[in-house]
Participant: 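Structure in structure tokens, see below.
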Amino acid sequence: MESSIVNDAAPAALNRLLTGLGSRSISVLDLTSPLSAATPTLELPTPFANLIDFSLEEVSAYNEPGPFWKHHNIHTGEHIGTHLDAPVHWVTGREGKDVSRIAPDRLVGPALVLDVSGEVEADSDFLLDIHHIRAWEAEYGPLPRGGWLLIRTGWESRSDSRERFLNNDEQGMPHSPGLTAECARWIAGESGLSGIGVETVGIDAGMAAGQHPPFPAHHFLLGNDKYGITSLRNLGELPPVGAAIIVAPLPIVGGTGSPARVFALVDAS
Ligand code: MN
């Protein structure tokens with residue numbers, strides 16, 4: 001008989017999940033971008049200092065420094081590739097949590113997918129506003145407490161090109177979608193969401209330095225113990241409601257963020 005991951009002694013609710021995973025009626029999707037030296041990363045304009053890109057440094061590879069093993073040092077900024085922004089990343093959240101102190105139950109919850117890829121196709125500087133969320137809620141119900149709002153923009157289709165992903169104009173100004181300040185303030189102050197997830201390089205729009213306040217998603221969310229995840233993929237595989245998300249950043253002590261693995265659980269039918 002085929003071995004099963006289902007444990008008859010498991011509590012009923014968890015047993016249903018394990019049965020679904022075992023029978024493949026629940027699928028596990030990877031929402032994470034592969035992490036390599038080629039991963040597109042945020043480029044701040046001068047005079048601001050940038051993080052380093054991700055890279056691997058070989059220490060041994062089944063050779064003299066380590067004849068039976070291969071291992072690397074990794075070099076990376078915190079905010080590289082698919083990653084989580086913790087409250088202490090932003091000046092408004094400086095008294096808040098570092099990435100190691102975020103409660104795990106805030107990192108697992110309902111995934112709500114709002115698709116604005118048509119709007120973004122027409123306007124790279126598209127800003128999600130409260131009325132888009134209200135329209136989504138009219139169709140699918142109120143955003144649940146502990147949920148993660150995942151903003152589907154189609155930006156993933158640019159991820160094989162750093163140039164198209166960052167989308168800088170001739171003056172070096174990036175053009176990519178984000179949130180209005182009012183929407184960011186509403187999510188932070190009025191919604192019960194744990195955070196938002198985006199397909200772009202950061203949770204704010206490319207032009208967000210010119211918004212009031214500057215970088216409103218960072219300003220309001222991180223200042224209100226809400227979190228952000230970036231550079232997500234495969235949001236097109238998720239239903240608007242009904243999926244679960246698991247966000248797994250490294251517990252870097254004092255860290256302002258971390259590359260994260262992000263999974264979704266979805267009904268396969
Ligand atoms: Mn970040």
Side-chain angles (χ1 to χ4, degrees), residues 31-45 48-55 74-102 106-107 127-128 148-151 153 155-156 158-159 162 165-168 174-179 181 183-184 187-188 193-211 213-233 235 245-262:
L31 306 185
T32 319
S33 299
L35 187 55
S36 77
T39 300
T41 53
L42 187 72
E43 291 173 5
L44 296 170
F48 305 116
N50 279 290
L51 298 176
I52 59 167
D53 284 351
F54 182 89
S55 66
I74 58 175
H75 299 266
T76 186
E78 296 168 321
H79 299 258
I80 299 296
T82 302
H83 73 272
L84 180 132
D85 284 356
V88 293
H89 176 44
W90 213 252
V91 64
T92 51
R94 63 192 299 165
E95 306 300 331
K97 296 185 180 78
D98 71 56
V99 68
S100 74
R101 293 179 53 229
I102 295 174
R106 299 285 306 281
L107 297 173
L127 298 178
L128 187 80
W148 283 79
L149 181 64
L150 308 180
I151 304 164
T153 56
W155 213 255
E156 173 189 356
R158 298 166 174 261
S159 54
R162 193 180 189 99
F165 198 74
L166 299 179
N167 201 33
N168 291 347
H175 295 272
S176 56
L179 308 180
C183 187
I187 289 170
L193 293 172
S194 282
I196 65 167
V198 301
E199 295 174 50
T200 44
V201 75
I203 59 173
D204 267 302
M207 304 264 283
Q211 289 181 270
F215 307 101
H218 287 86
H219 179 100
F220 289 115
L221 270 70
L222 303 183
N224 283 276
D225 199 39
K226 311 281 189 187
Y227 317 124
I229 42 175
T230 68
S231 300
L232 293 173
R233 292 195 179 185
L235 296 186
I245 191 170
I246 301 165
V247 182
L250 297 175
I252 300 168
V253 176
T256 71
S258 167
R261 197 76 184 258
V262 183

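First listed ligand is number 1; within each ligand, the first listed atom is number 1. Computed from heavy atoms alone, side chains included, the values below leave out hydrogens, waters and symmetry copies.
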Participant: Do H175 and N167 have side-chain atoms, one donor and one acceptor, less than 3.5 Å apart?
Facilitator: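 Side chains of H175 and N167: no pair found under 3.5 Å.
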Participant: State whether the number of non-hydrogen atoms from other residues, nucleotides or ligands found under 6.0 Å of I74 atom CD1 is greater than 12.
Facilitator: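 Counting neighbours around CD1 of I74, 12 or fewer heavy atoms of other residues, nucleotides or ligands fall under 6.0 Å, so no.
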Participant: Pick one: which of T230, T39, T41, T32 meets side-chain hydrogen bond (donor to acceptor under 3.5 Å, both in side chains) with H83?
Facilitator: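 Single side-chain hydrogen bond (donor to acceptor under 3.5 Å, both in side chains) partner of H83 among T230, T39, T41, T32: T230.
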Participant: If you check every N/O/S atom of H79, which is the one nearest the Mn ion (ligand 1)?
Facilitator: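 It is ND1, the N, O or S atom of H79 closest to the Mn ion (ligand 1).
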Participant: Just to verify, what does T200 make a side-chain contact (heavy atoms from CB on, under 4.5 Å) with, not counting sequence neighbours?
Facilitator: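 Result, side-chain contact (heavy atoms from CB on, under 4.5 Å) vs T200: W155, S176, P177, V198.
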Participant: Test of geometry: compute the angle NE2(H83)-the Mn ion (ligand 1)-OD1(D85) and round it to 10°.
Facilitator: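 Computed angle, vertex at the Mn ion (ligand 1), rounded to 10 degrees: 100°.
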Participant: Of all the atoms in E78, is at least one N, O or S atom closer to the Mn ion (ligand 1) than 2.8 Å?
Facilitator: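 So E78 does not bind the Mn ion (ligand 1) by this criterion.
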